[in-house]
Amino acid sequence: MVEVLDYDLVIIGSGLAGLRAAIEAAKTGQGKLRIAIIAKNQLMRAHSISAEGGSAAVLYEEEGDSFDLHAYDTIKGSDYLADQDVIEFFVRQCPVDIMELEHWGLPWARREDGRIAQRAFGGHSFNRATYASDRTGFFEVHALYDTLLKYGNVDKFHEQFAVDFLIDNNRFRGVVAIDIATGEIRIFKAKAGIIATGGLGRLYGYTTYSHLVTGDGLAIALRRGLEMKDLEFVQFHPTGLVPSGILITEGVRGDGGILKNAQGERFMERYAPKKKDLAPRDIVSRSIMTEILNGKGFKGPNGLDYVLLDFSPIGAEKIKEKLSQVREIGIHYVGIDPVESPLPIRPAAHYTMGGINVNVLGNTGVDGLWAAGEAACVSTHGANRLGANSTSECVVFGKVAGGEAAKWLLKNNNGVSLLEGDRKHAESIVAEVNNQNGDNDPYEIKRRLWDIMDKDAYVFRNEAGLTDGLKAVRELKKMSKSIIIKERGNVYNQNLIAAFEMRNVVELAEVVITGALERKESRGSHFRTDYPNRDDVNYLKHTIARREGDKILISYLPVKLTKWKPEPRVY
Amino acid sequence: MKESKIMLIQYITGIFILVLGALHFLAISALAPTSDKVLYQYANNSTSTHTLTGGTLYYTTVTTIYHTLFWGSIFELLLTFLVFHIFNGFRIILSEQFPGDRSEKAITYIMLVAGLIIFIWGSKTVVTMLLGGGL
Amino acid sequence: MELMLKGFGEVVKTVTLRVRRYDPEKKELPKYMEYKVPVQRGMTVLDGILYIKEHIDPSLAARYSCRMGICGSCAMIINNRERLACQTQILDLGKDLIKVDPMGNYDLVKDLVPDLTKLFRNHESIKPYIIRQEEKVTGEFLQLPEERELYSMFTECIMCGACLSACPTMATDELYLGPQALAQSFRYIADSRDIGFNERLNLLDSKHGVWRCHFAGACSDVCPKGIDPALAIQLLKGMLAKNVFVKYQQKPAKIGPDRKSILETAQS
Amino acid sequence: MAIENKKGWIFWFNPLKYSSDKWLYALHRLTGIALGLYLMAHVFETSRILDGPITWNSTMVFLDWPFGVHFGPYILSGILLAATFHALNGLRLTITESGLLMPKPYRIEYPYKAKSLRGWNMVLKILLGIFMIIISIFGIVYIFTGVIL
Ligand SMILES: Cc1cc2nc3c(=O)[nH]c(=O)nc-3n(C[C@H](O)[C@H](O)[C@H](O)COP(=O)(O)OP(=O)(O)OC[C@H]3O[C@@H](n4cnc5c(N)ncnc54)[C@H](O)[C@@H]3O)c2cc1C
Ligand code: HEM
Ligand code: SF4
Ligand code: F3S
Ligand code: FES
């Protein structure tokens with residue numbers, strides 16, 4: 001049976017972007033809109049909760065920070081691929097959102113006089129990462145979730161796994177989802193939708209992402225013909241803890257921590273003489289990998305060679321106060337207390353700069369469908385995101401999308417109706433995965449994909465590796481069409497969900513690798529050993545990928561430049 | 001009544017019980033109006049040598065205590081506090097065991113009635129004895 | 001130095017996970033099943049469960065997400081005590097037989113998956129947000145680090161629900177608000193920005209509010225984030241008791257320096 | 001669908017996996033119940049004094065030698081133990097539950113140790129133990145021998 005629920009607005013995803021959009025829509029709608037927010041885990045457990053370091057915003061103009069400086073840092077960090085008009089809008093919005101969160105109870109760290117404190121972050125030329133201990137994202141999610149509870153007209157659905165969007169004639173009509181707890185198929189019929197399903201981190205095995213970040217929203221959008229922008233730019237965070245990949249925040253280096261190779265040398269001095277350990281992430285990651293490839297790292301388990309992150313310049317007291325979670329992670333997962341000795345780290349897949357192509361108001365081009373957060377690509381991050389810019393982006397553009405959707409709904413109140421075939425379609429979408437009679441194990445396919453991505457689409461990429469990778473991924477894609485789902489129950493059937501997720505990551509991997517193969521230059525996080533230089537003549541443009549049938553079509557879109565002309569990027 | 005007030009009374013009665021209960025225990029031991037402090041020398045066989053007149057729990061001793069106004073009032077107070085403290089305690093335990101509006105209402109009323117019965121019964125003993133009952 | 005990660009990446013020993021299974025569709029009572037899992041150093045109970053799911057019995061259900069002890073999905077009873085599966089090293093348990101149960105005091109959906117509706121409902125009921133007149137945002141509320149310390153420990157609650165499973169009052173009284181919600185109400189009341197004490201008072205002082213806590217301390221004992229809900233509840237009781245005699249006053253924090261210049265450019 | 005998974009009152013007695021406060025919780029309840037039942041019996045018992053010396057004495061004899069066994073002093077000692085425990089622990093609870101002697105909210109630091117269960121609360125728990133021992137020794141000696149130490 002298919003259950004149909006009727007709403008004005010459905011928000012898919014409850015990360016920072018989704019929650020912020022829900023609040024804004026509820027506020028703008030003034031109780032006149034029926035809003036649903038759904039997520040595949042419980043709402044307050046979205047992956048945003050893992051964000052550690054901080055959120056960037058210009059707060060202290062009198063102390064030398066300015067919007068232009070923030071914008072310039074971001075643009076330079078993005079290797080000039082970001083859209084500059086978007087960034088100018090973005091940096092001006094950040095402080096508003098930080099203040100709003102403050103009014104909603106977020107326990108920001110404070111200065112002695114009671115004002116909000118900020119810390120240094122990679123690539124920023126001013127200490128502008130607003131933080132709360134080293135659990136910033138966690139506090140943000142909970143502040144937003146708690147505030148959302150204030151609004152009565154938002155229905156909250158935990159554990160709904162979206163499998164498809166209903167889009168016809170460029171008009172959004174709803175979401176098909178599986179209620180995980182009962183296995184029931186549900187259609188959230190809605191006049192408008194906001195995609196806030198996060199990035200695609202679990203394409204990689206060695207990653208800082210939660211287990212559940214499998215790019216479902218992106219994959220569905222891709223299948224529905226939406227455009228993907230810049231998907232080949234995957235950020236590798238320099239300091240993922242070996243061997244689990246758990247993030248050790250950049251705040252460690254912001255507060256004074258340093259990277260050391262096996263000889264005990266502070267190698268970042270060589271690669272970024274000015275910024276040293278606080279250079280942007282792509283540069284630090286490449287430096288670490290260069291050290292490791294030159295044999296100056298330590299031998300690690302499962303081939304995960306590593307270098308060290310030394311906390312000793314920070315001091316025990318400050319570690320316990322400002323980096324308590326990182327300390328706990330060290331103790332729990334490798335048995336090392338960073339107060340005493342350094343942690344083993346190595347670059348790990350961390351962020352998806354690309355996403356669904358949207359305009360500055362978050363609109364995807366489909367009527368009634370917005371996207372925000374990591375799933376969307378307004379292009380604030382270009383080829384490489386600066387630390388602390390993403391949580392800010394999620395709230396800023398979550399708010400924009402929520403407000404826009406609500407305003408649009410208040411104006412355009414013509415309803416949508418379910419079509420004849422919709423229920424059948426919903427059932428067939430699930431049956432398509434559930435009733436295959438192949439013998440490939442979805443988990444096995446996922447593990448093989450991880451191996452490919454960790455090897456071929458990692459920090460350093462090249463033609464041969466990517467071509468091999470693409471072939472292997474296409475192979476997996478074929479395999480993913482004849483799988484076996486061993487569990488047949490309805491209630492909490494995680495096997496079925498895992499099969500959907502596996503299909504999504506495999507399909508997205510193809511786009512990532514295709515894009516990477518086509519971009520014959522090195523820019524930001526995308527580094528081709530066979531084309532080691534940035535090529536502004538041919539590639540100062542966004543990659544747009546679209547799927548038609550089974551083919552990935554690549555086209556390009558110009559980058560919007562305003563005040564800042566591309567320059568060489570040295571730190 | 002608000003739960004906070006009830007619990008305040010629970011704590012206060014508890015403390016009073018502690019004081020009065022200690023006095024009560026003293027009444028049959030150190031302060032007993034008899035030189036023979038033997039509490040239990042009742043025997044159920046004929047070989048017993050006791051006279052049933054000198055010990056602290058012997059009829060005459062106990063009636064003496066009951067007949068003094070001081071001890072009589074102490075017992076009455078103790079009884080009052082205990083009844084509240086205990087039946088409120090029972091109410092708490094039972095309503096935690098059987099939560100729900102209806103069951104809790106029932107529990108509260110049953111406890112009120114039971115408490116009242118015990119209170120009247122105990123008071124009857126104390127008051128009659130104070131008025132010179134027994135013997 | 002190379003010895004730092006010794007034992008990671010190689011199988012050290014094999015342990016048995018004794019997992020309580022329950023499938024509502026099978027019309028059977030819950031039962032225990034045993035699985036042999038090869039263990040490497042650094043492997044958590046969650047990794048063990050994922051190993052079972054991927055290699056032995058895919059029908060085993062459990063909640064998980066972040067695998068770094070922050071999302072709060074994976075609380076379960078491991079060797080008779082509530083813990084986060086993703087934070088519990090198998091080798092640290094020091095046993096060859098590890099008993100894994102779903103959290104108690106919640107309805108059971110399947111295997112290790114409890115139905116946390118109760119937790120969320122209670123959390124929502126205590127109005128977990130700053131209550132004060134909406135003001136136009138012109139700057140931050142000033143809050144000294146000392147003032148922040150008065151509530152900040154309770155902001156770290158990850159809503160894992162372990163405390164409700166460990167609380168002996170919760171074991172019989174399903175209407176009890178529970179340590180998580182009570183600690184959160186304290187968190188907001190103690191926050192200098194909030195003035196919602198009176199709005200929350202009725203619920204806190206109700207038949208299943210703070211007074212149903214008899215200070216068993218199990219909540220504070222198991223909390224995987226080191227939060228001390230028992231402390232919050234006792235402090236709340238103190239506040240409520242005093243409030244009977246002297247009405248409790250909250251002074252709202254002041255708004256800091258005007259930041260019009262940066263906040264207003266944004267509106268355009 | 002979902003089944004209930006309440007732990008029930010039997011869970012008051014989960015051994016050794018939680019802090020001592022949980023044991024005290026269970027004991028406080030049990031002694032409270034036991035004492036409550038005792039009070040009812042006690043009210044009945046003392047009311048017999050109205051019926052004159054014969055009834056009183058036979059009641060006393062029965063209580064001292066229930067069913068022909070000399071068990072009275074044991075029962076009375078049990079009541080004394082329960083009452084002492086409940087009273088002293090009740091005092092501790094009155095203090096701690098009023099938020100008195102509780103620490104201020106503090107910064108959490110790994111490894112976690114809940115301060116509400118330690119500090120002054122621990123001192124009170126230890127005092128509870130010490131007083132328990134002293135009072136029960138005095139009381140029990142008195143009950144069995146009539147000697148006031
Ligand atoms: C470890 C880590 C640390 C980070 N630290 C920082 C930092 O310090 N500063 C910073 O600025 N940024 C940081 N980031 C980046 C930032 O946290 C993320 O980019 C951001 O949180 C993404 O938020 P989101 O709302 O877009 O998506 P997410 O938080 O990923 O939320 C996705 C939501 O979509 C739901 N969903 C997904 N698929 C489905 C589906 N099929 N059906 C239904 N629902 C679905 C999920 O349940 C979830 O609720 C960090 C990232 C990581 C990995
Ligand atoms: C002597 C001094 C006493 C003190 C200081 C005392 C104190 C307390 C306190 C503070 C409580 C509340 C516990 C809580 O809710 O956390 C309590 C509960 C209770 N008391 Fe007492 N008490 C005393 C004597 C007695 C006696 C003599 C009896 C019975 C004859 C008794 C029976 C109960 C019962 C039944 C409860 C309820 C138990 C519970 O809620 O868990 N108390 N007592
Ligand atoms: S208080 Fe602790 S145990 Fe309870 S829900 Fe919060 S984090 Fe979990
Ligand atoms: S375990 Fe329960 S009884 Fe109170 S101290 Fe914690 S809430
Ligand atoms: S998986 Fe997130 S807390 Fe364990």
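Below, read A as the first sequence line, B as the second, and so on, with proteins coming before strands; counting in each chain starts at 1. We use all heavy atoms of the structure for the numbers below, so side chains are in, but hydrogens, waters and symmetry mates are not.
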inquiry  = Strictly below 4.0 Å, N to O, side chains only: are C:Lys207 and B:Glu104 in salt-bridge contact?
reply    = no
query = Can a salt bridge be assigned to the pair C:Arg21 and C:Asp23 using a cut-off of 4.0 Å between side-chain N and carboxylate O?
reply = no
request  = Would you please go through residues 163-190 of chain C and name the residues with a non-hydrogen atom below 4.5 Å from one of chain B, in numerical order?
outcome  = C:Thr169, C:Thr172, C:Asp173, C:Glu174, C:Leu175
inquiry  = Please determine whether a side-chain nitrogen of the Lys or Arg among C:Arg200 and C:Asp194 lies less than 4.0 Å from a carboxylate oxygen of the Asp or Glu.
reply    = yes
inquiry  = Would you say that B:His24 contacts B:Phe75 through its side chain, given a criterion of any heavy-atom pair below 4.5 Å between the two side chains?
reply    = yes
key: Residue selection (most heavy-atom pairs with chain C, distance under 4.5 Å) from B:Pro99, B:Ser4, B:Ser95, B:Gly100   = B:Ser4
query = Is there side-chain contact between B:Thr80 and B:Phe84, with at least one heavy-atom pair below 4.5 Å?
reply = no
task = State, with a plain yes or no, whether a side-chain heavy atom of B:Arg91 is found less than 4.5 Å away from one of B:Tyr109.
result = no
task = Step by step, work out the side-chain contact (heavy atoms from CB on, under 4.5 Å) result for B:Val113 and B:Ile117.
result = CA-CA 6 Å; B:Val113 172; B:Ile117 293 176; 4.1 Å; yes
request  = For chain B, find which of C:Leu240, C:Asp205, C:Asn202 contributes the most heavy-atom pairs closer than 4.5 angstrom.
outcome  = C:Asp205
